[in-house]
A.B. asks: 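Quick one: this structure, given as structure tokens, is what I'll be asking you about.
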Amino acid sequence: MNRIYTAVKEDSEEILALYRTFINGAADWNEYYPNKESIEFDLSRNALFVMKNDKGEIIAAISIDEDKEVDELPCWDRGFSPGGEFSRLCVRKDMQNKGIARQMIAYVLDILRKEGKKSVHILVRTGHNLVHKPLHFFICKCKHNGVPLCILMQSRWICLRTILAAVSQSRKAVRKSVKSSQYRKQRNF
């Protein structure tokens, strides 16, 4: 049975090897990113999580990110602060399409909810498969020519955010718990 754990220093090389299998993929990772420093930063904050199979092999990884530049993007509705961010989600290629990414995201969302976060935002590279529909992520309206995009690190990103209540409640219940205008602002694109 696969289980999710907080990563430890001994997992670093295996995590880096997993990251390296996605170089030049849709997320636009390369030989410089993500790197050992990314892993060390995540480990120092207990913010890197892995899923291991019965053999103890890492089959997925995800981190709770801390990036001031992303947090300060104008597209995030400050009414849903404090917000968290997850990033560097990857699932070993032979284990994809088995619901593992969804399990990893749900695990991190639960942690962020327990930390008192009201929302979670992510940046998804344009051209990447979007995971927002089944997880109730809403495309945010950024101020880049009226398109829900931002430009960071010379790349175009789709800005997604979810209200943490939306993950565990139906959309109807979320509409009742959030002022209508704020909800419409989050879900319209």
Side-chain angles (χ1 to χ4, degrees), residues 2-8 11-53 57-67 69-71 73 76 83-115 117 119-140 148-150 152-153 155-164 166-168:
N2 300 332
R3 300 205 51 191
I4 301 173
Y5 302 90
T6 302
V8 294
D11 295 324
S12 297
E13 289 302 318
E14 194 174 354
I15 294 167
L16 186 59
L18 177 63
Y19 287 165
R20 294 292 183 242
T21 64
F22 292 92
I23 287 177
N24 299 320
D28 203 30
W29 290 356
N30 57 43
E31 63 271 14
Y32 306 108
Y33 177 86
N35 55 31
K36 288 181 181 182
E37 289 77 20
S38 305
I39 294 169
E40 288 171 5
F41 178 64
D42 290 341
L43 288 172
S44 74
R45 299 176 295 110
N46 292 319
L48 179 56
F49 306 92
V50 294
M51 180 180 282
K52 295 184 179 184
N53 62 17
E57 302 167 326
I58 294 174
I59 60 172
I62 190 171
S63 64
I64 296 174
D65 209 353
E66 194 173 285
D67 187 330
E69 187 176 12
V70 173
D71 291 342
L73 287 170
W76 312 130
E85 177 187 4
F86 70 84
S87 65
R88 293 183 286 284
L89 170 63
C90 60
V91 177
R92 201 170 74 186
K93 290 180 180 178
D94 65 319
M95 298 301 294
Q96 292 181 0
N97 299 312
K98 297 181 183 199
I100 292 172
R102 183 185 308 262
Q103 291 173 37
M104 297 296 287
I105 293 169
Y107 187 86
V108 166
L109 294 181
D110 190 48
I111 290 170
L112 291 169
R113 186 180 299 107
K114 288 175 182 173
E115 289 179 357
K117 305 296 185 194
S119 63
V120 177
H121 54 263
I122 59 173
L123 298 180
V124 178
R125 171 83 178 189
T126 55
H128 199 289
N129 291 331
L130 295 179
V131 296
H132 68 284
K133 289 190 180 190
L135 293 166
H136 303 289
F137 276 87
F138 307 112
I139 295 178
C140 297
L149 297 173
C150 69
L152 285 175
M153 301 166 286
S155 295
R156 292 165 43 105
W157 303 87
I158 300 170
C159 303
L160 301 174
R161 173 170 263 186
T162 190
I163 302 162
L164 281 174
V167 177
S168 59

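Everything numeric here is computed off the predicted structure, so don't read it as measured data. Count residues from 1 along the sequence.
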A.B. asks: Does Asn97, at its CG atom, have more than 12 non-hydrogen atoms belonging to other residues, nucleotides or ligands within less than 6.0 Å?
C.D. replies: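 Result for CG/Asn97: open.
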A.B. asks: With heavy-atom distances below 4.5 Å as the criterion, would you say the side chains of Thr21 and Leu18 are in contact?
C.D. replies: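 Side-chain contact under 4.5 Å: yes.
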A.B. asks: Looking only at heavy atoms, which two atoms of Phe22 and Trp29 are closest? And how far apart?
C.D. replies: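 Closest heavy-atom pair between Phe22 and Trp29: CB-CE3, 3.8 Å.
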A.B. asks: Report the C-alpha separation of Arg88 and Tyr33 in whole Å, then their side-chain angles, then the decisive distance to 0.1 Å, and conclude whether the side chain to side chain donor-acceptor pair (under 3.5 Å) test is met.
C.D. replies: CA-CA 10 Å; Arg88 293 183 286 284; Tyr33 177 86; 2.7 Å; yes
A.B. asks: Are Ile59 and Ile100 packed together at the side-chain level, in the sense that at least one heavy-atom pair is separated by less than 4.5 angstrom?
C.D. replies: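 When only atoms from C-beta onward are counted, Ile100 and Ile59 do touch, with a gap below 4.5 Å.
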A.B. asks: Taking the six-membered ring for Trp, are Phe49 and Tyr107 ring centroids under 6.0 Å apart?
C.D. replies: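 Yes, they do, as the ring centres are separated by less than 6.0 Å.
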A.B. asks: Would you call Arg92 and Glu57 a salt bridge, taking side-chain N to carboxylate O under 4.0 Å as the test?
C.D. replies: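 Result for this pair is yes, salt bridge flagged.
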A.B. asks: Where is the tightest heavy-atom contact between Arg113 and Leu164, given as atom of each residue plus distance?
C.D. replies: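 Minimum heavy-atom separation between Arg113 and Leu164: NH2-O, 3.5 Å.
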A.B. asks: Once rounded to the nearest 0.5 Å, what's the spacing between atom OG of Ser44 and atom CD of Glu66?
C.D. replies: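 Result: 8.5 Å between the selected atoms.
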A.B. asks: In the structure I gave you, are the side-chain heavy atoms of Tyr19 and Ile39 within less than 4.5 Å of one another anywhere?
C.D. replies: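 Heavy-atom side-chain distance check passes, below 4.5 Å.
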A.B. asks: Side chain to side chain contact (heavy atoms under 4.5 Å, CB included) between His121 and Asp71: does it pass, once the steps are laid out?
C.D. replies: CA-CA 9 Å; His121 54 263; Asp71 291 342; 3.0 Å; yes
A.B. asks: Hey, are the side chains of Ile105 and Leu89 touching, using non-hydrogen atoms and a 4.5 Å cut-off?
C.D. replies: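 Ile105 reaches Leu89 side chain to side chain.
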A.B. asks: Do the side chain of Ser63 and the main chain of Ser87 share a donor and acceptor less than 3.5 angstrom apart?
C.D. replies: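 Side chain of Ser63 to backbone of Ser87: a pair is present.
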A.B. asks: In Å, rounded to the nearest 0.5 Å, how long is the span from CG of Leu112 to CD1 of Ile64?
C.D. replies: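 Taking CG in Leu112 and CD1 in Ile64, the distance rounds to 4.0 Å.
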A.B. asks: If you look at every heavy atom in Ala7 and Leu43, which pair is closest and at what distance?
C.D. replies: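 Scanning both residues completely, I find the closest heavy atoms to be O-CD2, 3.4 Å.
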A.B. asks: To the nearest 0.5 Å, how far apart are CG in Asn2 and CE in Met51?
C.D. replies: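 Those atoms lie 5.5 Å apart.
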A.B. asks: Using the ring of Phe41 (Phe, Tyr or Trp, six-membered ring only), decide whether Arg45 places NZ or CZ under 6.0 Å from its centre and within 45 degrees of its axis.
C.D. replies: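 Yes - Arg45 lies over the ring of Phe41, closer than 6.0 Å to its centre and within 45° of its axis.
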A.B. asks: Can you tell which of Ile111, Val120, Asp65 makes a side-chain contact (heavy atoms from CB on, under 4.5 Å) with Phe86?
C.D. replies: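 One option only clears the test, and that one is Val120.
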A.B. asks: For Glu85 versus Asp67, what's the shortest heavy-atom pair and its separation?
C.D. replies: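 Result for this residue pair: OE1-CB, 3.9 Å.
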A.B. asks: Run the salt bridge (charged side-chain N to carboxylate O under 4.0 Å, His left out) test against Lys98 and tell me which residues pass, sequence neighbours left out.
C.D. replies: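 Lys98: no salt bridge (charged side-chain N to carboxylate O under 4.0 Å, His left out) contacts found.
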A.B. asks: I want to check something: taking the side chain as every heavy atom from C-beta on, are Lys36 and Glu13 in contact at a cut-off of under 4.5 Å?
C.D. replies: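 Result yes, sub-4.5 Å side-chain heavy-atom pair found.
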A.B. asks: Looking only at non-hydrogen atoms, find the nearest pair between Val108 and Ile62 and report the distance.
C.D. replies: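 Residues Val108 and Ile62, closest heavy atoms: CG2-CG2, 3.5 Å.
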A.B. asks: Answer yes or no: is there a side-chain heavy-atom contact under 4.5 Å between Ile15 and Ile58?
C.D. replies: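 Heavy-atom side-chain distance check passes, below 4.5 Å.
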A.B. asks: Any side-chain heavy atom of Asp11 sitting closer than 4.5 Å to one from Lys52?
C.D. replies: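 SC-SC contact between Asp11 and Lys52 confirmed.
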A.B. asks: Determine the minimum heavy-atom distance between Asn30 and Arg20, stating which atoms define it.
C.D. replies: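 For Asn30 versus Arg20, the nearest heavy atoms are O-NH1, 3.5 Å.
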